[in-house]
Amino acid sequence: MIPLLSIGEMAKKSQLSIQRLRYYDKIGLLVPAFTDPTSGYRYYEAAQEEQLNFIQALQYMGFSLQAIKQYLSQNTSESLPELLIKYQQKLTEDEARIARKKWLINRYQGLLKRNPENTEAVKTTRLLLTEPLQTTIHSTVLNDPLFQQEVQELINRLGLSKSYLQFPGYLILDDQAFLFIELDHSVSAPGERYLLASKRHPFCKPQTWDLNTASENYLLQETVSWMDGELVHGYSYETNLYFE
């Protein structure tokens, strides 16, 4: 006779409540090997302990009970690798979201600490995704709907989140104009450039920005600054651009 574990023993081994095991039985996720027709007591085979451990592991990974039940109903040599591949993809997506959030936190912390009146050397490596700018450059180009449409199309084409709509800009390199967005990681797209250093000029508000007509490389980027107790939208103007 195959030795059986009572529901209490199974609960103790798995560190789950008896009520939880009863619920798993109710939804057909983990049905006891034997239920006493008279007392209603539930009993499990020892092999079901490993199955329960696997259910708990899948729950920890973030799978719903419905998804776990669907997998267990298939329970083939092909379904498990497929399930784990899906989980691995989910982890990759989660890691990308976390990395982006950390990037935004660091960016805002740096902006809020910065003295908007200072000119400073920037030596932090930044990854810019650039492509030729089609919109004609003018003093308010960053607010031009055509420019914003170009940025949106670039983000959509690469399948990036809307968080990349923050801090777009354009740069002039050897008399050629490029729009750019800042990345927190490489997306293996044409036009990626590493900006290693630059000279950042004082923060300027849109209404005070004058179009640079000098024949020098520069970038203009949307940014924010903490001024007089308020978060103010404006531009970051940088020259002396040094790319890898």
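The hydrophobic cluster containing Phe54 also contains Leu91, counting ILVMFWY residues as joined when their side-chain heavy atoms lie under 4.5 angstrom apart, directly or transitively. Under the 4.5 Å side-chain heavy-atom criterion for ILVMFWY residues, no single connected hydrophobic cluster contains both Leu219 and Leu142. Placement of Ile181 and Leu171 in two distinct hydrophobic clusters is found when ILVMFWY residues are connected by side-chain heavy-atom separations under 4.5 Å, directly or transitively. In the hydrophobic clustering of this structure, Leu154 does not group with Phe178; members are Ile, Leu, Val, Met, Phe, Trp, Tyr whose side-chain heavy atoms approach within less than 4.5 Å, directly or through other members. Leu146 is not connected to Val151 by any chain of hydrophobic side-chain contacts under 4.5 Å among Ile, Leu, Val, Met, Phe, Trp and Tyr, and they are in different clusters.
For the pair Pro202/Thr119, a side-chain contact is recorded, criterion being any heavy-atom separation below 4.5 Å from C-beta on.
Looking at every heavy atom in both residues, Leu241 comes nearest to Ser198 through CD2-CB, 3.8 Å. In terms of heavy atoms, Ser161 sits closest to Ile155 at O-CG2, 3.7 Å. When every heavy atom of Thr223 is checked against every heavy atom of Ser236, the shortest pair comes out as CG2-N, 3.6 Å. Shortest non-hydrogen contact noted between Thr35 and Gly40 is CG2-O, 3.7 Å.
Taken from CD1 in Ile68 to CD in Gln51, the straight-line distance is 11.0 Å, to the nearest 0.5 Å. One finds the NZ atom of Lys162 at 12.5 Å from the CG atom of Asn156 (value rounded to the nearest 0.5 Å). The structure places OG of Ser225 at 14.0 Å from NZ of Lys113, a figure rounded to the nearest 0.5 Å. Here Gln166 contributes atom CD and Glu222 contributes atom CD; the two are 9.5 Å apart, rounded to the nearest 0.5 Å. From Leu179, atom CG reaches atom CD of Glu153 across 10.0 Å, with rounding to the nearest 0.5 Å. With values rounded to the nearest 0.5 angstrom, Ile7 atom CD1 is found 10.5 Å from Leu16 atom CG.
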- Item | Stepwise side chain to side chain donor-acceptor pair (under 3.5 Å) check, Tyr194 with Tyr242 | CA-CA 9 Å; Tyr194 284 95; Tyr242 179 68; over 6 Å; no
- Item | Audit row: Tyr170, Leu220, side-chain contact (heavy atoms from CB on, under 4.5 Å) steps and yes/no | CA-CA 6 Å; Tyr170 76 87; Leu220 189 71; 3.8 Å; yes
- Task: Apply the test side chain to side chain donor-acceptor pair (under 3.5 Å) to residues Gln70 and Gln66: give CA-CA distance (whole Å), side-chain angles for both, the deciding distance (0.1 Å), then the verdict.
- Result: CA-CA 6 Å; Gln70 183 178 0; Gln66 181 179 0; 5.9 Å; no
- Query: Under the side-chain contact (heavy atoms from CB on, under 4.5 Å) criterion, do Leu72 and Ile55 qualify, and how do the steps go?
  - Reply: CA-CA 9 Å; Leu72 292 177; Ile55 290 172; 3.9 Å; yes
- Task: Dump the intermediate steps for side-chain contact (heavy atoms from CB on, under 4.5 Å) on Glu182 and Arg107, then the final yes or no.
- Result: CA-CA 11 Å; Glu182 279 202 60; Arg107 167 50 64 89; 2.6 Å; yes
- Does the pair Phe63 and Tyr87 meet the rule for a ring-ring contact (aromatic ring centres under 6.0 Å, His included), with working shown? CA-CA 8 Å; Phe63 289 99; Tyr87 177 62; 5.7 Å; yes
- Message: Would Met10 and Lys12 count as a side-chain contact (heavy atoms from CB on, under 4.5 Å) here? Give the steps.
- Response: CA-CA 5 Å; Met10 182 66 103; Lys12 185 176 181 180; over 6 Å; no
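Looking only at atom types and distance, the side chain of Glu93 has no donor-acceptor partner in the side chain of Gln89 under 3.5 Å away. In this structure, a donor-acceptor pair under 3.5 Å is present between the side chains of Ser186 and Glu192.
Glu120 meets the salt bridge (charged side-chain N to carboxylate O under 4.0 Å, His left out) test with Arg114, Arg200; sequence neighbours excluded. Taking Lys90 as the reference, Asp94 meet the side chain to side chain donor-acceptor pair (under 3.5 Å) condition, with sequence neighbours excluded. In this structure Lys86 satisfies the salt bridge (charged side-chain N to carboxylate O under 4.0 Å, His left out) test together with Glu82, sequence neighbours excluded. Under the rule for a side chain to side chain contact (heavy atoms under 4.5 Å, CB included), the partners of Asn53 that lie at least two apart in sequence or sit in another chain are Glu49, Glu50, Gln56. Residues that satisfy the side chain to side chain contact (heavy atoms under 4.5 Å, CB included) test with Asn106, not counting sequence neighbours, are Gln109. Taking Lys101 as the reference, nothing meets the salt bridge (charged side-chain N to carboxylate O under 4.0 Å, His left out) condition, with sequence neighbours excluded. Partners of His138 according to the side chain to side chain donor-acceptor pair (under 3.5 Å) rule, which considers only residues two or more places apart in sequence or in another chain, are Thr140, Asp144.
Other residues, nucleotides and ligands contribute at most 12 non-hydrogen atoms within 6.0 Å of the CD atom of Gln88.
Between the Thr208 side chain and the Cys204 main chain, no donor and acceptor come within less than 3.5 Å of each other. Checked by atom type and distance alone, the side chain of Gln48 pairs as donor or acceptor with a backbone atom of Glu45 at under 3.5 Å.
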Show me the side-chain donor-acceptor pairs of residues 124-135 shorter than 3.5 Å, one per line, residues at least two apart or across chains.
from, atom 1, to, atom 2, distance (Å)
Arg126, NH1, Glu238, OE1, 2.9
Arg126, NH1, Glu238, OE2, 3.4
Arg126, NH2, Gln221, OE1, 3.3
Arg126, NH2, Glu238, OE2, 3.2
Thr130, OG1, Gly191, O, 2.8
Thr130, OG1, Arg193, NE, 2.9
Glu131, OE1, Arg157, NH2, 2.4
Glu131, OE2, Arg157, NH2, 3.4
Thr135, OG1, Phe147, N, 3.4
Thr135, OG1, Glu150, OE2, 2.6

Return all side-chain donor-acceptor pairs below 3.5 angstrom for residues 17-33, not counting sequence neighbours, or 'none' if the list is empty.
from, atom 1, to, atom 2, distance (Å)
Ser17, OG, Arg20, N, 3.0
Tyr24, OH, Gln59, OE1, 2.8
Asp25, OD2, Arg42, NE, 2.8

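Identified under the ring-ring contact (aromatic ring centres under 6.0 Å, His included) test for residues 28-53, with sequence neighbours left out: none.
In summary, the aromatic rings of Tyr237 and Tyr218 are positioned with their centroids under 6.0 Å apart.
Under a 4.5 Å side-chain heavy-atom criterion applied to ILVMFWY residues, the cluster that includes Phe203 comprises Met227, Val232 as well. Under a 4.5 Å side-chain heavy-atom cut-off, the cluster of Ile, Leu, Val, Met, Phe, Trp and Tyr residues that includes Leu104 is completed by Trp103, Tyr108, Leu111, Leu112, Phe167, Val224, Trp226, Leu231.
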